[in-house]
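A quick write-up on the structure given underneath.
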There are 2 protein chains.
Amino acid sequence: MDKILITEGVPLYVKIREALRAEIMHGNLHPGQKIPSEDELAQQYRVSRMTVRQGILDLIKEGLLHRKHGVGTFVSYPHFDRDHTRLTNFFESAREQGIDASSTVLKIEVSPASDKIAKELRLSPGENVICIRTLRFVNQTPVTVHDSYLPHRLFAEIVYENLENVHIWDVMEKYGYRVKRAIQKLEARPASSEIAKLLDIKPNSPILYKERKILAEDGTAVEFTYCYNRGDMYSLTVSMER
Amino acid sequence: MDKILITEGVPLYVKIREALRAEIMHGNLHPGQKIPSEDELAQQYRVSRMTVRQGILDLIKEGLLHRKHGVGTFVSYPHFDRDHTRLTNFFESAREQGIDASSTVLKIEVSPASDKIAKELRLSPGENVICIRTLRFVNQTPVTVHDSYLPHRLFAEIVYENLENVHIWDVMEKYGYRVKRAIQKLEARPASSEIAKLLDIKPNSPILYKERKILAEDGTAVEFTYCYNRGDMYSLTVSMER
DNA sequence: AAAATATAGACGTCTATACGTCTATATTTT
DNA sequence: AAAATATAGACGTATAGACGTCTATATTTT
């Protein structure tokens with residue numbers, strides 16, 4: 001039985017990958033089930049085995065499939081929370097979950113970087129950074145105070161952009177930097193009086209404190225942030241592998 | 001100039017990957033620098049281009065290299081915190097950081113799973129789980145209360161094992177399950193009086209609360225845990241990608 | 001000088017083939 | 001019946017070659 005791939009302008013292995021993904025999602029292939037072997041799929045789709053393999057390997061990396069040498073390839077069980085594992089920005093993830101999200105800019109200023117930020121962003125000593133403090137709302141309730149530090153050298157003109165209700169990562173793309181990776185450190189902390197006031201909670205309430213460094217595709221450190229998230233209204237899901 | 005690969009019994013692409021890694025680590029190739037093209041490397045190592053490619057792709061997945069279509073492959077800047085990004089267990093990561101770590105078992109019991117745990121571990125209704133509560137210490141100070149739930153069906157005999165100062169993941173391997181992935185939800189919460197007493201802190205102090213589901217290589221859900229970590233003594237670093 | 005175009009280098013996709021290694025199962029031997 | 005062995009199926013590694021696409025740079029044209 002031949003399977004035919006129609007779309008043009010898309011690599012074959014991507015088509016096969018998506019065809020397999022669709023079969024899994026639609027339940028034609030169910031969790032735990034063995035999928036056809038690389039050879040069989042190659043014949044079905046009339047491509048070479050290596051092409052099928054490339055598509056399968058993608059899905060394995062994603063966690064949708066797993067395989068055992070000498071035995072076969074199997075559909076993984078769901079609950080891998082694939083969606084929450086990707087690096088998404090505030091507005092993206094809110095939109096996906098159908099939540100009303102907004103943000104206001106509290107402050108923009110340019111000043112020399114602190115030692116810590118200079119080190120994290122790999123700046124020369126005394127180099128300037130743009131600091132943007134925003135307050136983020138979910139359903140009109142303040143949830144996060146977000147302090148963002150950007151190298152002034154790379155984003156000097158960004159201070160003239162509209163930054164309300166827009167994610168800064170989208171703005172960065174105009175400057176040629178596409179965000180690729182974040183390294184984040186998480187802690188539970190008591191809210192300072194300043195943060196408590198902004199988030200409309202009592203001082204010393206638990207805050208999910210997050211420091212993160214954002215890297216672009218070429219490894220440039222493009223942003224460093226301090227985030228103060230209301231503990232009772234914010235949770236974060238991550239996936240890690242051995 | 002030919003480069004020669006000596007070790008036997010190791011795939012060629014692994015040798016090339018490790019040779020490249022060594023060159024980067026030893027500083028022969030420095031961050032930002034362009035490495036030789038796939039064609040050049042194939043000639044140097046006298047292998048096919050696809051073999052070199054497989055090695056390079058591994059290093060890109062790791063974040064050690066990055067590439068730009070039509071331009072070349074480059075050494076990434078460090079600070080990717082590769083070490084903190086892997087899923088490691090409590091004792092592994094403590095050892096790596098040269099920290100004194102220990103744990104005591106407070107309780108072991110077998111009982112029917114709660115609805116939530118049955119759902120997360122994909123158990124039949126009413127199926128039994130083993131609950132193990134441990135207290136973890138760093139430098140003799142209690143840092144984490146750890147409630148672990150395991151399917152009784154898979155690990156019935158585990159209750160007879162020594163579980164003090166041992167990580168349960170190591171014990172699980174004896175039962176044929178190798179931990180592969182964790183999906184964790186993180187929140188900042190106030191400490192309950194029970195948890196506060198165990199961690200020797202005041203009630204309502206910030207706790208980094210963590211729920212996680214642990215999956216084995218074949219996708220079996222092997223453990224569900226609730227973790228209560230002292231906010232002032234525990235932080236977690238994770239990396240996420242788009 | 002500016003704009004359009006050509007070119008070379010490098011990565012991206014794809015094929016067809018070969019042989020190695022691992023696992024589960026069937027077969028044979030003890 | 002148990003143990004050893006063979007076998008088939010499936011993934012793992014590796015090659016050589018072809019052509020596509022992208023980027024930066026050099027060249028030509030305007």
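Chain A is the first sequence line, chain B the second, and so forth, proteins listed ahead of strands; every chain is numbered from 1. Computed from a predicted model, the values in this text were never measured in an experiment.
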task: Rounded to the nearest angstrom, tell me the gap between atom CD in A:Gln43 and atom P in C:dT17.
output: 12 Å

- request: Treat a base pair as Watson-Crick or G-U wobble with both distances under 3.5 Å, then lay out DNA chain C in dot-bracket form, 5' to 3', with | for cross-strand pairs.
  value: ||||||||||||||||||||||||||||||

- prompt: Does one side chain, of A:Tyr45 or A:Glu40, offer a donor that lies under 3.5 Å from an acceptor on the other?
  reply: no

- prompt: Atom OH of A:Tyr45 and atom C1' of C:dC14: how far apart are they, to the nearest Å?
  reply: 17 Å

What donor-acceptor contacts under 3.5 angstrom involve side-chain atoms of residues 49-58 of chain A, with partners at least two apart or in another chain?
| unit_1 | atom_1 | unit_2 | atom_2 | d |
| --- | --- | --- | --- | --- |
| A:Arg49 | NE | A:Glu38 | OE1 | 2.6 |
| A:Arg49 | NH2 | A:Glu38 | OE1 | 2.9 |
| A:Thr51 | OG1 | A:Ser48 | OG | 3.2 |
| A:Arg53 | NH1 | A:Glu38 | OE2 | 2.9 |
| A:Asp58 | OD2 | A:Arg17 | NH1 | 2.7 |

Value in whole Å for how far the P atom of D:dA24 lies from NZ of B:Lys68: 5 Å

Partner set under side-chain contact (heavy atoms from CB on, under 4.5 Å) for B:Ala118, not counting sequence neighbours: B:Ala113, B:Leu123

statement: On DNA chain C, more 5' by nearest nucleotide between A:Val71 and A:Pro11 is A:Pro11

field: Residues which pass side-chain contact (heavy atoms from CB on, under 4.5 Å) with A:Ala101, listed by chain and number, not counting sequence neighbours
entry: A:Phe90, A:Phe91, A:Ala94

query: Would you say a side-chain N or O of B:Thr51 is under 4.0 Å from OP1 or OP2 of D:dT15?
result: yes

Contacts under 3.5 Å, N or O only, protein and nucleotides 16-21 of chain D:
| unit_1 | atom_1 | unit_2 | atom_2 | d |
| --- | --- | --- | --- | --- |
| D:dT21 | O2 | B:His69 | NE2 | 3.1 |

message: Suppose we screen for salt bridge (charged side-chain N to carboxylate O under 4.0 Å, His left out). Which residues come up paired with A:Lys116, at least two apart in sequence or across chains?
response: A:Glu120, A:Glu211

query: Between D:dC11 atom P and A:Ile35 atom CD1, what is the distance in whole Å?
result: 7 Å

side-chain contact (heavy atoms from CB on, under 4.5 Å) involving A:Leu154 - partner list, sequence neighbours excluded: A:Pro151, A:Tyr177, A:Thr220

query: Which residues pass the side-chain contact (heavy atoms from CB on, under 4.5 Å) test with A:Val105, sequence neighbours left out?
result: A:Ile108, A:Ile132, A:Thr134, A:Leu163, A:Glu164

- request: Could you tell me the separation between the CG atom of B:Leu12 and the C1' atom of D:dG12, rounded to a whole number of Å?
  value: 13 Å

B:Leu41 CG to D:dT15 P, straight-line distance once rounded to whole Å: 13 Å

task: Identify, with sequence neighbours excluded, every residue that meets salt bridge (charged side-chain N to carboxylate O under 4.0 Å, His left out) alongside B:Asp170.
output: none

task: Could you check how far CZ of A:Phe74 sits from P of D:dC11, rounded to whole Å?
output: 8 Å

query: Whole Å only: how far is the CZ atom of A:Arg53 from the P atom of C:dT15?
result: 15 Å

field: Donor on one side chain, acceptor on other, A:Arg136 and A:Thr144, under 3.5 Å
entry: no

